[in-house]
> 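The structure under discussion is supplied below as structure tokens; questions concerning it will follow.
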Amino acid sequence: GRGVMRELLGRYLERDPRELCFEAGAWGKPALARSRHVEAGGDAEEGLRFNLSHSGGLMLVAVSTEREVGVDVEERRSRAMDPERTVAVARRGLGVYVGRRLERLAPEHREEELLGAWTAHEAALKCAGVGIGNGSGRERDSVKSTWTAALGLGPEAFGAVAAAGEQEPELRCWEWRASAASRGGGRTLE
């Protein structure tokens with residue numbers, strides 16, 4: 001995933017992907033290292049923000065030139081989660097309100113609702129640059145002013161994107177697949 005991310009960012013910046021340098025924020029969110037490129041006389045790339053998530057064979061990437069972004073993707077497990085455990089996970093990870101909402105649903109719909117809520121929550125946390133359960137108290141506050149949306153990835157995967165601020169951003173979505181000629185190592189965008 002990191003290699004693909006590097007290639008995509010290189011294309012956005014019209015630079016050799018191997019020249020890109022990265023740094024991590026306080027909670028580990030990756031960012032482009034700004035000082036090295038600017039000191040070398042290059043154009044400032046402070047406006048480029050990105051985030052990456054992967055699950056199984058899926059990878060989801062968000063890139064923005066205007067504000068912080070976050071994404072999360074989860075593949076549905078081959079074996080369904082126990083409906084009661086689903087409610088417990090929701091309460092522990094997403095709060096009592098979400099747990100109650102799941103409890104009111106028919107058992108066969110709980111896992112789908114949990115995965116949708118989980119990906120939206122995690123995308124918002126990643127957008128803010130904080131981690132789940134970091135214990136700082138920033139977790140709840142950071143998602144209040146974040147726009148989030150579910151992404152339609154089919155019946156076997158759940159995804160969400162988040163952007164800093166409450167205003168809805170313009171979204172452009174592309175599907176990336178390795179071409180048959182590049183599956184041996186290199187990758188191309190289709």
> How long is the gap from CZ on R77 to OG on S55, to the nearest 0.5 Å?
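It comes to 8.5 Å.
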> Find the distance between CD (E111) and CG (D82) and round it off to the nearest 0.5 Å.
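E111 CD to D82 CG: 10.0 Å, rounded to 0.5 Å.
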> CZ/R67 to CD/Q167 distance, rounded to the nearest 0.5 angstrom?
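Those atoms lie 6.0 Å apart.
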> Any side-chain heavy atom of V63 within less than 4.5 Å of one from V69?
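Of all side-chain heavy-atom pairs linking V69 with V63, none is under 4.5 Å.
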> Hey, any chance L115 and L105 share a hydrophobic cluster, counting ILVMFWY side chains that come within less than 4.5 Å of each other, even indirectly?
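Hydrophobic grouping puts L115 apart from L105.
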> Under the salt bridge (charged side-chain N to carboxylate O under 4.0 Å, His left out) rule, what do R110 and E84 come out as? Steps first, then yes or no, please.
CA-CA 9 Å; R110 291 178 183 170; E84 296 309 312; 3.2 Å; yes
> Which heavy-atom pair separates A164 from C127 by the least distance, and what is that distance?
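In this case the closest contact between A164 and C127 is N-SG, 3.3 Å.
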> Any heavy-atom pair between the side chains of M59 and V73 that's under 4.5 Å?
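Result no, sub-4.5 Å side-chain heavy-atom pair not found.
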> For K126 and E122, run salt bridge (charged side-chain N to carboxylate O under 4.0 Å, His left out): C-alpha distance rounded to whole Å, both residues' side-chain angles, the deciding distance at 0.1 Å, then the answer.
CA-CA 6 Å; K126 290 172 73 177; E122 192 163 331; 5.0 Å; no
> Treat each ILVMFWY residue as a node, draw an edge where side-chain heavy atoms are under 4.5 Å apart, and state whether W147 and F158 are in one component.
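No; tracing contacts between hydrophobic side chains, which count when under 4.5 Å, never links both residues.
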> Could you check whether any side-chain heavy atom of L60 comes within less than 4.5 Å of a side-chain heavy atom of D72, counting everything from C-beta outward?
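The answer is no; the side chains never approach within 4.5 Å.
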> Going from CG on L153 to CZ on R76, what distance comes out if it is rounded to the nearest 0.5 angstrom?
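Between L153 CG and R76 CZ, I get 12.0 Å after rounding to 0.5 Å.
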> Do T146 and L125 come close enough that some side-chain heavy atom pair is under 4.5 Å?
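When only atoms from C-beta onward are counted, L125 and T146 do not touch, as no gap falls below 4.5 Å.
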> For A160, give me all partners under side-chain contact (heavy atoms from CB on, under 4.5 Å), at least two apart in sequence or on another chain.
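Checked A160 against side-chain contact (heavy atoms from CB on, under 4.5 Å); matches are T119, A120, A123.
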> Per the salt bridge (charged side-chain N to carboxylate O under 4.0 Å, His left out) rule, what does the pair list look like for residues 89-101, sequence neighbours excluded?
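Non-adjacent pairs meeting salt bridge (charged side-chain N to carboxylate O under 4.0 Å, His left out): R91-E103, R101-E113.
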> Check for me, please, whether V71 and L58 land in the same ILVMFWY cluster - side-chain distances under 4.5 Å, paths through other members count.
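Yes; L58 is reachable from V71 via cluster members.
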> With the side chain counted from C-beta on, respond yes when F22 and R2 share a heavy-atom pair under 4.5 Å apart, and no when they do not.
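Contact flag for F22/R2 side chains = no.
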> Quick one, K29 and N51 - any side-chain contact, counting heavy atoms below 4.5 Å?
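They are in side-chain contact.
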> For residues G99 and V87, report the shortest heavy-atom separation together with the two atoms involved.
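The pair with the smallest heavy-atom distance is O-CG1, 3.7 Å.
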> Counting heavy atoms not belonging to E108, are there more than 12 under 6.0 Å from its CD?
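Above 12, so yes.
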> Between M5 and F50, is there a side-chain heavy-atom distance shorter than 4.5 Å?
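The answer is yes, as the side chains (C-beta and beyond) meet within the 4.5 Å cut-off.
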> Can you tell me how far CG of L102 sits from CD of E112, rounded to the nearest 0.5 angstrom?
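Between atom CD of E112 and atom CG of L102 there are 10.5 Å.
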> First locate atom CD of E170, then atom CD of E168, and finally report the distance between them rounded to the nearest 0.5 Å.
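Rounded to the nearest 0.5 Å, the CD-CD separation comes to 10.0 Å.
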> Please say yes or no: joined through hydrophobic side-chain contacts below 4.5 Å, possibly via intermediate residues, are Y97 and W118 part of one cluster?
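Yes; tracing contacts between hydrophobic side chains, which count when under 4.5 Å, links both residues.
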> Quick one: are T148 and V161 in side-chain contact, heavy atoms under 4.5 Å?
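T148 does not reach V161 side chain to side chain.
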